[in-house]
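Order of appearance sets the numbers: ligands from 1, and atoms from 1 within every ligand. Sequence positions, counted from 1, serve as the residue numbers for this chain.
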Amino acid sequence: MPPTTPPPAALDRVVETLATARAITVLTGAGISAASGVPTFRGPSGLWERYRPEDLATPEAFTRDPALVWRWYDWRRRTLAPLAPNRGHAVIAHWSNRRPGLTVVTQNVDGLHEMANTRDVVRLHGSIWEVRCAASCDRGREPWRDMRVPLPELPPRCAACGSVLRPAIVWFGEALPAAAFTRATAAARCDLFMAIGTSAIVHPAAGLAARAREAGALVVEINPERTAGSELADVALAMPAETALDALERGLALAEGRPPLPGQ
Ligand code: OAD
Ligand code: ZN
């Protein structure tokens, strides 16, 4: 991706709102992790170009062939394990720790926001680093963390009841975790809503920007490409997330009279 020149007026407008907004919601998608080396889902080299979602990321696929689905997730876990958060994650984490009114909502399952020490991430689609019992037995119902790479046995099994375990990820056709969705919906009532690195296709996450707009928020999109959400945005910054967030952090630091977050 060639470096893009920030459109100064658009950036200034976002900095101004960032400096004064009380409630800020940041919604991220796969694009925030692109600079860390995580493949996105859609687009020319996206994961869904090589695999059909219905073959892998549905409850039906898992019932049909749990070992196949697990091989795919184990491969993704191996791919993710050596990767680190990038400047975009770092800036969001910095803001989240300075601003109690800022909520980070992510569709990503890669754990990079958490690794960057972001405060209290709302995970709409679960985590690739958590598993739970596919039979929802008493002891296996709540997800737990399992960071082993590779997993010693595929499919992994529930120690309590012997059923297969599943990734604690939301698959196509499944409902979002109720608590996370409630928090995300509440966070859509804000002064500034930033949709970063998402194609804005997958609902209900894609509907949050419209809710924010209705609530009177300034809606900002950060994405080098136009998306299904670009129309709705008041400001569309056509830049990679890591570049835009770095520029916004520099502008915000200047406005707040503090040094910017070191790095980059
Ligand atoms: P997509 O792969 O659909 O979209 C990624 C977006 O990131 C695209 O619009 C790219 O243009 C943009 N992008 C690429 N590089 C970028 C960069 N450096 N900075 C900013 N943006 C960049 O990913 P999502 O919108 O996250 O669900 O997909 C939503 C959901 O679909 C995922 O959470 C996943 C998938 O099915 C589950 O895993 C449950
Ligand atoms: Zn079990």
Trainee: Hey, which atoms in ligand 1 end up nearer than 4.0 Å to a heavy atom of Glu225?
Mentor: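 Ligand 1 atoms under the 4.0 Å threshold to Glu225: 11 (O).
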
Trainee: Taking atom 6 (C) of ligand 1 as the point of reference, which of Ala205, Gly229, Gly197 owns the nearest heavy atom?
Mentor: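 Comparing heavy atoms across Ala205, Gly229, Gly197, the nearest one to atom 6 (C) of ligand 1 lies in Gly197.
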
Trainee: Between Val121, Val91, Leu102, which is the residue that forms a side chain to side chain contact (heavy atoms under 4.5 Å, CB included) with Ser96?
Mentor: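 Considering Val121, Val91, Leu102, a side chain to side chain contact (heavy atoms under 4.5 Å, CB included) with Ser96 is found only for Leu102.
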
Trainee: Taking 4.0 angstrom as the limit and counting only heavy atoms of Glu242, give me the atoms of ligand 1 inside it, by number and element.
Mentor: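 In order of numbering, the contacting atoms are 18 (N).
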
Trainee: Taking only residues two or more places apart in sequence or in another chain, which ones pass side-chain contact (heavy atoms from CB on, under 4.5 Å) with Ala93?
Mentor: Ala116, Thr118

Trainee: Do Arg119 and Glu114 pass the salt bridge (charged side-chain N to carboxylate O under 4.0 Å, His left out) test, and can you show the C-alpha distance, the side-chain angles, and the key distance before you say yes or no?
Mentor: CA-CA 8 Å; Arg119 177 183 48 80; Glu114 290 86 343; over 6 Å; no

Trainee: Report yes or no: is the cationic atom of Arg76 (NZ for Lys, CZ for Arg) closer than 6.0 Å to the six-membered ring centre of Trp72, at no more than 45° off its axis?
Mentor: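 Arg76 over Trp72 ring: yes.
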
Trainee: If we only consider heavy atoms of Pro224, is any one of them less than 4.0 Å away from an atom in ligand 1?
Mentor: yes

Trainee: Counting only nitrogen or oxygen atoms and a 3.5 angstrom limit, does Thr227 reach ligand 1?
Mentor: no

Trainee: Show which atoms of ligand 1 fall inside a sub-4.0 Å distance from at least one heavy-atom site of Val202.
Mentor: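 This gives 29 (C), 30 (C), 31 (O) as the contact atoms.
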
Trainee: Evaluate Pro240 for polar contact with ligand 1, using N/O atom pairs at a separation under 3.5 Å.
Mentor: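 Min N/O separation from ligand 1 is not below 3.5 Å for Pro240.
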
Trainee: How about His89 and Ser33: does a side-chain donor come under 3.5 Å of a side-chain acceptor?
Mentor: yes

Trainee: Around the Zn ion (ligand 2), what protein N, O or S atoms are found below 2.8 Å?
Mentor: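 Listed by chain and number, the nearby protein N, O or S atoms are Cys133 SG, Cys137 SG, Cys158 SG, Cys161 SG.
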
Trainee: Please list, chain by chain and in numerical order, all residues satisfying side chain to side chain donor-acceptor pair (under 3.5 Å) with Glu153, sequence neighbours excluded.
Mentor: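 None.
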
Trainee: Would you indicate which of Pro167, Ala228, Ser199 comes nearest to atom 1 (P) of ligand 1 when only heavy atoms are counted?
Mentor: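 It is Ser199 that holds the nearest heavy atom.
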
Trainee: Does the side chain of Ser199 pick up a donor-acceptor pair with the side chain of Thr227 at under 3.5 Å?
Mentor: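 Distance-only check fails for Ser199 and Thr227.
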
Trainee: Name all pairs fulfilling the salt bridge (Lys or Arg N to Asp or Glu O under 4.0 Å) condition that reach into residues 243-264, sequence neighbours left out, sorted by first residue then second.
Mentor: Arg87-Asp246, Arg98-Glu256, Arg99-Glu256, Asp246-Arg250, Glu249-Arg258, Glu256-Arg258

Trainee: CG/Leu27 to OG1/Thr103 distance, rounded to the nearest 0.5 angstrom?
Mentor: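 Separation between the atoms: 11.5 Å.
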
Trainee: Less than 4.0 Å is my threshold; does some heavy atom of Val170 fall inside it relative to ligand 1?
Mentor: yes

Trainee: Restricting to non-hydrogen atoms, name the atom on Leu56 and the atom on Ala61 that form the minimum distance, rounded to 0.1 Å.
Mentor: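 Nearest pair, atom of Leu56 first, then Ala61: N-CB, 3.9 Å.
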
Trainee: Which ligand 1 atoms does Gln107 reach within 4.0 Å, using its non-hydrogen atoms?
Mentor: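 It comes down to these atoms of ligand 1: 29 (C), 33 (O).
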
Trainee: Going by the closest heavy atom to atom 19 (N) of ligand 1, which one wins out of Ala34, Ala244, Pro39, Ala241?
Mentor: Ala241

Trainee: May I ask you to establish whether Arg166 and Trp171 are in a cation-pi arrangement, using a distance under 6.0 Å from NZ or CZ to the six-membered ring centre and at most 45° from the ring axis?
Mentor: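 Yes, Arg166 lies over the aromatic ring of Trp171.
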
Trainee: Quick one: does Phe172 get a heavy atom under 4.0 Å from ligand 1?
Mentor: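 Phe172: in contact with ligand 1 (<4.0 Å).
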
Trainee: Gly29 versus ligand 1: do any nitrogen or oxygen atoms come within less than 3.5 Å of each other?
Mentor: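 The answer is no, given that Gly29 and ligand 1 share no N or O pair closer than 3.5 Å.
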
Trainee: If two hydrophobic side chains count as joined below 4.5 Å and joins carry through other members, does Val109 share a cluster with Val122?
Mentor: no

